[in-house]
Student: 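One structure coming up, written as structure tokens, with questions to follow.
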Amino acid sequence: MKIYNTYTNKLETFIPNNEGKLNIYVCGPTVNKKTHIGHMYPAVFFDTLVRYFRYKGYQVTYASNFTDVDDKIIQTAIEQNITEKEVADKYEKYYLNDLSSLNCIPVDYRPRVTEYIDEIIDFINLLITTNHAYKNGDDVYFDINSIDNYGSLSNQKTENLDYGNRIEIDTNKKNPYDFVLWKSTDQGIKWQAPFGEGRPGWHTECVVMINKIFNGKIDIHGGGIDLVFPHHENEIAQQQAAYNNNLASYWMHNGHIKLDGEKMSKSIGNVITVKELLNTYTPNTIRLSMLKNHYRAPLNISADVLEESKTIDNKILSAIKQTNLYINVNNLTVINIKDKTFEEYMDDDFNTSLVIAYLLDTIKNINISLRNNNTNEILKLYSIMTLIINILGLTYDIKQITNEDKEIYNLWNTCKASKDYTNADIYRKQLEERNII
RNA sequence: GGAGCCGUAGCCAAGCGGUAAGGCAUAGGUCUGCAACACCUUGAUCGCCGGUUCAAAUCCGGCCGGCUCCUCCA
């Protein structure tokens with residue numbers, strides 16, 4: 001199995017840290033606003049990835065966090081005169097709702113920053129005592145020059161970064177790219193620490209949570225492409241400083257979603273939420289739109305793309321209904337199988353685009369086999385189809401066909417054969433109402 | 001200024017050294033009591049120019065055109 005590792009910029013053979021086990025962590029959202037479709041892209045992709053690893057027999061532990069402390073949350077809390085927790089709770093619910101509406105399996109761990117404050121303080125203390133962090137003013141900073149190879153993930157040399165041109169230089173820092181570990185604050189939620197009253201910076205939480213939950217190095221660390229620098233770079237730096245190892249064996253990043261060719265942003269006003277999309281499109285359609293192209297490439301969402309996915313979704317649904325009916329009417333038994341072609345595509349850095357092409361090919365063959373009454377072929381293809389849709393996380397209401405259903409079906413056929421079309425249409429309507437055809 | 005990505009038929013998209021998968025749309029046809037579904041047929045030499053090679057969409061160089069990151073960001 002090959003996975004593209006952002007750390008080396010290469011396609012690498014996947015080797016788990018412990019055979020048969022897999023620890024994976026994906027950066028979750030900061031819960032300071034309504035989540036949009038872009039937040040769902042990594043969620044849907046990594047959900048598919050985890051489903052696949054489990055199918056392959058790995059015992060997967062999957063964690064994804066909520067950043068429930070940050071300046072914007074504090075700001076919102078002050079403005080609305082509610083607590084930070086109330087702000088975070090509201091948007092956590094919103095996000096979790098979106099996840100389940102897109103059929104994402106709940107993660108095994110959903111850590112929050114506020115639940116790890118003690119561990120974060122201990123961790124920062126460790127960095128201070130080992131001279132990787134320093135206090136200046138009221139804040140604590142990480143000293144990027146205290147480790148070798150800062151910039152190894154993003155391939156950045158700090159002297160080339162466009163620092164002063166973009167934001168004001170903080171004179172408290174030894175190096176402009178030193179980052180805040182602990183921020184002293186005079187407003188909003190704060191905690192007491194040996195180095196002062198304040199709140200943790202953004203980059204420390206993930207490192208601390210990962211070490212606590214997984215007890216050290218993980219296999220895969222994922223997130224959006226925008227997190228490569230500085231967030232993931234800084235996670236790597238802290239782990240290096242504290243424990244002298246790499247945080248993760250494989251770093252995976254998904255491309256961003258664009259809307260009608262434009263970057264989604266508040267200023268353009270083209271941010272679209274899952275709820276809004278669900279007014280017009282089904283969860284399957286949205287997942288298909290996301291999985292139709294490669295996860296690392298940017299994904300452009302447009303009406304054309306969604307309509308096309310909708311057509312694919314209907315094709316799948318139609319094939320499932322017909323096959324399910326055929327199997328039940330003929331009292332056949334479906335067996336779960338593994339499929340080599342499918343695995344070959346998934347093993348190639350999760351080429352879901354090829355998987356969907358293969359799905360469509362399978363469906364075409366199902367339709368041909370149904371016409372030819374080729375029972376063996378139908379059973380085999382049906383198994384492949386259901387395997388793929390399960391791992392892509394698509395859901396279809398596969399009806400249990402009852403004896404009554406079968407009876408109506410037989411009556412329909414009998415009426416058609418005797419050219420009694422009035423009654424045939426009645427039975428057809430009943431079958432449609434029962435969601436069978 | 002630095003790091004990196006992308007440019008394949010009307011649209012979406014795979015392929016990443018051996019001679020262009022697939023889907024949507026279009027057009028024509030088949031099946032069919034009527035519908036629906038389905039099936040068959042239907043199109044590109046891969047942004048431009050040069051180089052390497054027996055062989056390039058695939059490697060190298062230049063150019064043009066989009067884009068991302070370097071500040072919070074999935």
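Proteins get letters first, then strands, A, B, ... in listed order; numbering begins at 1 in each. Below, all heavy atoms of this structure are taken into account, side chains as well, without hydrogens, waters or symmetry copies.
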Student: Which atom pairs, donor and acceptor, lie under 3.5 Å between side-chain atoms of residues 420-428 of chain A and protein residues at least two apart or in another chain?
Tutor:
{"unit_1": "A:D420", "atom_1": "OD1", "unit_2": "A:N423", "atom_2": "N", "d": "3.4"}
{"unit_1": "A:D420", "atom_1": "OD2", "unit_2": "A:N423", "atom_2": "ND2", "d": "2.7"}

Student: Considering every strand and a 4.0 Å limit on heavy-atom distances, what is the contact class for A:K315: base, sugar-phosphate, or nothing?
Tutor: sugar-phosphate
Student: For the P atoms, the ones on B:A44 and on B:C63, what distance do you get once it is rounded to whole angstrom?
Tutor: 33 Å
Student: Mind checking if A:H253 touches a base, just sugar-phosphate, or nothing, with heavy atoms under 4.0 Å?
Tutor: nothing
Student: With A:K321, which residues qualify under salt bridge (Lys or Arg N to Asp or Glu O under 4.0 Å), at least two apart?
Tutor: none
Student: Among the candidates B:G22, B:C39, B:A13, find the nucleotide nearest to the side-chain atoms of A:S353.
Tutor: B:A13
Student: Is A:N155 close enough to B:G4 that one of its side-chain N or O atoms is under 4.0 Å from OP1 or OP2 there?
Tutor: yes
Student: When all nucleic acid strands are considered with a 4.0 Å heavy-atom cut-off, which category describes A:I225: base, sugar-phosphate, or nothing?
Tutor: nothing
Student: Side chain of A:I368, heavy atoms from C-beta onward: which of B:C39, B:G15, B:C70 has the nearest atom to it?
Tutor: B:C39
Student: For A:R296, answer base if it contacts any base atom (sugar-phosphate contacts may also be present), sugar-phosphate if it contacts only those atoms, and nothing otherwise; contact means non-hydrogen atoms under 4.0 Å.
Tutor: nothing
Student: Distance check, C1' atoms only: B:C46 and B:C40, in whole angstrom units.
Tutor: 28 Å
Student: NA contact type, A:L360, heavy-atom cut-off 4.0 Å: base, sugar-phosphate, or nothing?
Tutor: sugar-phosphate
Student: Roughly how far apart, to the nearest Å, are B:U41 and B:A74 at atom P?
Tutor: 47 Å
Student: Say we look at B:G61 and B:U52: how far apart would their C1' atoms be, to the nearest angstrom?
Tutor: 11 Å
Student: With a non-hydrogen cut-off below 4.0 angstrom, is A:T30 in contact with a base, only sugar-phosphate, or nothing?
Tutor: sugar-phosphate
Student: With rounding to the closest Å, how many angstrom separate the P atoms on B:C6 and B:U45?
Tutor: 23 Å
Student: Select one nucleotide: of B:G15, B:A74, B:A3, the one nearest the side-chain heavy atoms of A:N351.
Tutor: B:G15
Student: Rounding to an integer number of angstrom, what distance separates B:U8 and B:A13 when you compare their P atoms?
Tutor: 9 Å
Student: Answer yes or no: side-chain N or O of A:D425 and base N or O of B:G33 forming a donor-acceptor pair under 3.5 Å.
Tutor: yes
Student: My understanding is that a pair needs two contacts under 3.5 Å, Watson-Crick or G-U wobble. By that rule, which nucleotide pairs with B:A38?
Tutor: B:U30
Student: Mind checking who B:C63 pairs with, Watson-Crick or G-U wobble, both distances under 3.5 Å?
Tutor: B:G47
Student: Within the pair A:K310 and B:C24, is there a side-chain N or O less than 4.0 Å away from OP1 or OP2?
Tutor: no
Student: Check this for me: does the side-chain of A:R428 come within 3.5 Å of the base of B:C34 through a donor and an acceptor?
Tutor: yes
Student: So if I take every side-chain heavy atom of A:N367 and compare against B:G33, B:C37, B:C39, which nucleotide ends up nearest?
Tutor: B:C39
Student: Mind listing the closest non-hydrogen atom pair of A:R434 and A:K399 along with its distance?
Tutor: O-CE, 3.1 Å
Student: Should B:C16 form a Watson-Crick or G-U wobble pair with both distances under 3.5 Å, which nucleotide is its partner?
Tutor: none
Student: Do A:F53 and A:F14 make the cut of ring centroids closer than 6.0 angstrom?
Tutor: yes
Student: In terms of side-chain heavy atoms of A:L227, which of B:A74, B:C39, B:G33 is nearest?
Tutor: B:A74
Student: Provide the distance between the two P atoms, one in B:G62 and one in B:C39, to the nearest whole Å.
Tutor: 48 Å
Student: So does A:K93 pair up with A:D89, basic N to acidic O under 4.0 Å?
Tutor: no
Student: Considering every strand shown, what is the Watson-Crick or G-U wobble mate of B:A3 when both distances are under 3.5 Å?
Tutor: B:U68
Student: Say you pick atom C1' in B:U58 and the same atom in B:G51; how far apart are they, in whole Å?
Tutor: 15 Å
Student: Do the charged groups of A:R54 and A:D108 touch, with an N to O distance under 4.0 Å?
Tutor: yes
Student: Should A:K364 be listed as having a side-chain N or O under 4.0 Å from OP1 or OP2 of B:C40?
Tutor: yes
Student: Can you check whether A:E92 reaches A:D68 side chain to side chain, under 4.5 Å on heavy atoms?
Tutor: yes
Student: So A:G223, base contact, sugar-phosphate only, or nothing? Heavy-atom distance under 4.0 Å.
Tutor: sugar-phosphate
Student: State whether the aromatic ring of A:H294 stacks on the base of B:A14, taking stacking to mean ring centres under 5.5 Å apart and ring planes under 30° to each other.
Tutor: no
Student: Does the side chain of A:K321 get closer than 4.0 angstrom to OP1 or OP2 of B:A36 through an N or O atom?
Tutor: no
